[in-house]
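Here's the structure we're looking at; comments come further down.
No experiment lies behind these values; they were computed from the predicted model shown. No hydrogens, no waters, no symmetry mates; every other heavy atom, side chains included, goes into these values.
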Amino acid sequence: MKFFRKPDHGSYLLFPRHRRMIVDICNAAKTVPAFSVQREFDLSNIATARQSAKTRIGWAALFARGYSLVAKDVPELRQTFITLPWMRLYQHPTSVVNVTVNRFDQSINRERLLWARIRNVETLTLAAIQKSISEHQTADLKTLFRDGQVMEKMPAPIRWLSWHLLMRWQGRKRARRLGTFTISTLANLGTTNDNHPLIATSSLSYSPLTSQQRTIVTLLADHRVLDGALAARALVALERVMQHQIVDELASLA
């Protein structure tokens with residue numbers, strides 16, 4: 001008898017290889033006890049200075065630069081919780097940021113996520129930070145995201161072991177690869193993204209700017225390293241840095 005599939009039945013699909021990294025990140029984030037704090041920022045003077053700058057600087061670059069300057073004075077923002085072979089903290093000497101980038105991948109004919117990893121952020125200019133982010137939005141993925149694509153091809157047990165060691169043992173490698181902090185936002189799409197997987201010690205997100213040039217900034221933090229009061233003070237310091245030092249740096253680009 002010939003078998004006919006019912007018209008309301010769906011079909012199983014092979015899991016896309018480029019989504020394996022997202023699954024690994026979600027699994028790794030389950031080991032991080034995260035909490036969030038929020039603060040409304042007044043960015044009116046920054047928006048004005050940004051429009052006057054000859055070089056276009058995106059908001060992600062501005063927040064990356066500002067947060068790295070705060071982390072120079074708040075070492076906890078550069079620390080990572082390590083559990084193996086015993087419980088301790090690793091403190092990285094500089095800030096490393098991973099900025100989430102969504103872009104079209106022609107090799108798979110669909111959009112995918114990748115991360116613009118920028119080391120020593122506090123020593124870089126705004127133009128240099130923006131250049132790195134822009135390259136991750138346009139450059140060839142085969143050379144730009146080579147390590148990630150190699151990792152995606154590996155069998156699940158090998159990927160699991162690599163993430164297990166990275167999250168629990170290898171403090172320096174974790175800071176260099178995953179960042180001391182991350183930035184993930186959908187503000188350019190008019191959407192607020194304030195609850196995403198946390199694999200670094202802290203992560204920033206911000207909402208779209210209002211007509212008064214104000215935004216809600218969310219800081220996700222690893223509770224094993226940061227407490228709520230320190231996270232709140234970090235946001236206060238970030239707003240102050242952006243309203244002064246970042247505005248001055250933008251003015252120098254005018």
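Considering all non-hydrogen atoms of both residues, I199 and A29 come closest at CG2-N, 3.9 Å. The heavy-atom pair separating L198 from A221 by the smallest distance is CD2-C, 3.6 Å. I133 and A116 make their closest contact through CA-CB, 4.4 Å (heavy atoms, listed as atom of the first residue, atom of the second, distance). Here the shortest heavy-atom pairing between S95 and E122 reads N-OE1, 3.2 Å. Shortest non-hydrogen contact noted between L77 and A234 is CD1-CB, 4.3 Å. Nearest heavy-atom pair, L220 versus H196, reported as atom, atom and distance to 0.1 Å: CD1-O, 3.4 Å.
Across L141, L114, T100, V99, a single residue satisfies side chain to side chain contact (heavy atoms under 4.5 Å, CB included) together with H136, and that is L114.
Remark: R172 CZ is loosely packed, at most 12 non-hydrogen atoms of other residues, nucleotides or ligands lying under 6.0 Å away. The local environment of CD in Q106 is sparse, with at most 12 non-hydrogen atoms from other residues, nucleotides or ligands closer than 6.0 Å.
Side-chain atoms of S205 and N193 include no donor-acceptor pair closer than 3.5 Å. Donor-acceptor pairing under 3.5 Å is recorded for the side chains of S207 and T215.
Annotation: ring-ring contact (aromatic ring centres under 6.0 Å, His included) contacts involving residues 41-71, sequence neighbours excluded, comprise F63-Y206, Y67-F181. The list of ring-ring contact (aromatic ring centres under 6.0 Å, His included) pairs with a residue in residues 97-129, not counting sequence neighbours, is empty. Under the side-chain hydrogen bond (donor to acceptor under 3.5 Å, both in side chains) criterion, the residue pairs touching residues 239-254 are R39-E239, R65-E249, E239-Q243, with sequence neighbours excluded. Residue pairs that meet the salt bridge (charged side-chain N to carboxylate O under 4.0 Å, His left out) test with at least one member in residues 40-50, sequence neighbours left out, are E40-R214, D42-R214. Within the structure, the side-chain hydrogen bond (donor to acceptor under 3.5 Å, both in side chains) test picks out the following pairs touching residues 140-154 (sequence neighbours left out): R112-E152.
The shortest distance between side-chain heavy atoms of I246 and V241 falls below 4.5 Å. Annotation: side chain of N195 is not in contact with side chain of S36 (no heavy-atom distance under 4.5 Å). For the pair M154/R159, a side-chain contact is recorded, criterion being any heavy-atom separation below 4.5 Å from C-beta on. For the pair R117 and N98, the minimum side-chain heavy-atom distance is below 4.5 Å.
At a threshold of 4.5 Å between side-chain heavy atoms, the hydrophobic network of Ile, Leu, Val, Met, Phe, Trp and Tyr places I22 and F15 in two separate groups. Put simply, F145 and V97 are part of two different groups of oily side chains (I, L, V, M, F, W, Y) that touch within less than 4.5 Å, one to the next.
Residues passing the side-chain hydrogen bond (donor to acceptor under 3.5 Å, both in side chains) test with S134 are Q130, sequence neighbours excluded. The ring-ring contact (aromatic ring centres under 6.0 Å, His included) check on H223 picks up F35, with sequence neighbours excluded. W160 meets the ring-ring contact (aromatic ring centres under 6.0 Å, His included) test with H164; sequence neighbours excluded.
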For this session: Start with the C-alpha distance between L62 and L126, add both sets of side-chain angles, then the distance that settles side-chain contact (heavy atoms from CB on, under 4.5 Å), and finish with yes or no.
Result: CA-CA 7 Å; L62 296 173; L126 287 173; 3.9 Å; yes
Exercise. What do the steps show when you test D194 against T192 for side chain to side chain donor-acceptor pair (under 3.5 Å), and what is the final call?
Worked result: CA-CA 6 Å; D194 58 2; T192 300; over 6 Å; no
For this session: Report the C-alpha separation of H92 and R176 in whole Å, then their side-chain angles, then the decisive distance to 0.1 Å, and conclude whether the side-chain contact (heavy atoms from CB on, under 4.5 Å) test is met.
Result: CA-CA 9 Å; H92 206 59; R176 289 175 61 85; 3.8 Å; yes
Problem set entry | Working for side-chain contact (heavy atoms from CB on, under 4.5 Å), residues R177 and Q170 | CA-CA 10 Å; R177 290 190 176 182; Q170 302 165 325; over 6 Å; no
For this session: Under the side-chain contact (heavy atoms from CB on, under 4.5 Å) rule, what do L235 and L204 come out as? Steps first, then yes or no, please.
Result: CA-CA 10 Å; L235 283 183; L204 283 175; 4.3 Å; yes
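Checked by atom type and distance alone, the side chain of T31 pairs as donor or acceptor with a backbone atom of A28 at under 3.5 Å. When atom types are taken as modelled, the side chain of R103 and the backbone of A139 share a donor-acceptor pair closer than 3.5 angstrom. At least one donor-acceptor pair closer than 3.5 Å links the side chain of D222 to the backbone N or O of R224. Side-chain N or O atoms of R174 include one that pairs as donor or acceptor with a backbone N or O of M167 at under 3.5 Å. Checking side-chain atoms of T48 against main-chain N and O of S44 turns up a donor-acceptor pair under 3.5 Å.
The hydrophobic cluster containing L189, built from Ile/Leu/Val/Met/Phe/Trp/Tyr side-chain heavy atoms closer than 4.5 Å, also comprises L186. In this structure, Y90 shares a hydrophobic cluster with I82, the cluster being traced through Ile, Leu, Val, Met, Phe, Trp and Tyr side chains under 4.5 angstrom apart. Summarising the hydrophobic clusters (Ile, Leu, Val, Met, Phe, Trp, Tyr; side-chain heavy atoms under 4.5 Å, direct or chained), the residues clustered with I216 are none. Think of L14 as one node in a network of Ile, Leu, Val, Met, Phe, Trp and Tyr side chains linked at under 4.5 Å; it has no links at all.
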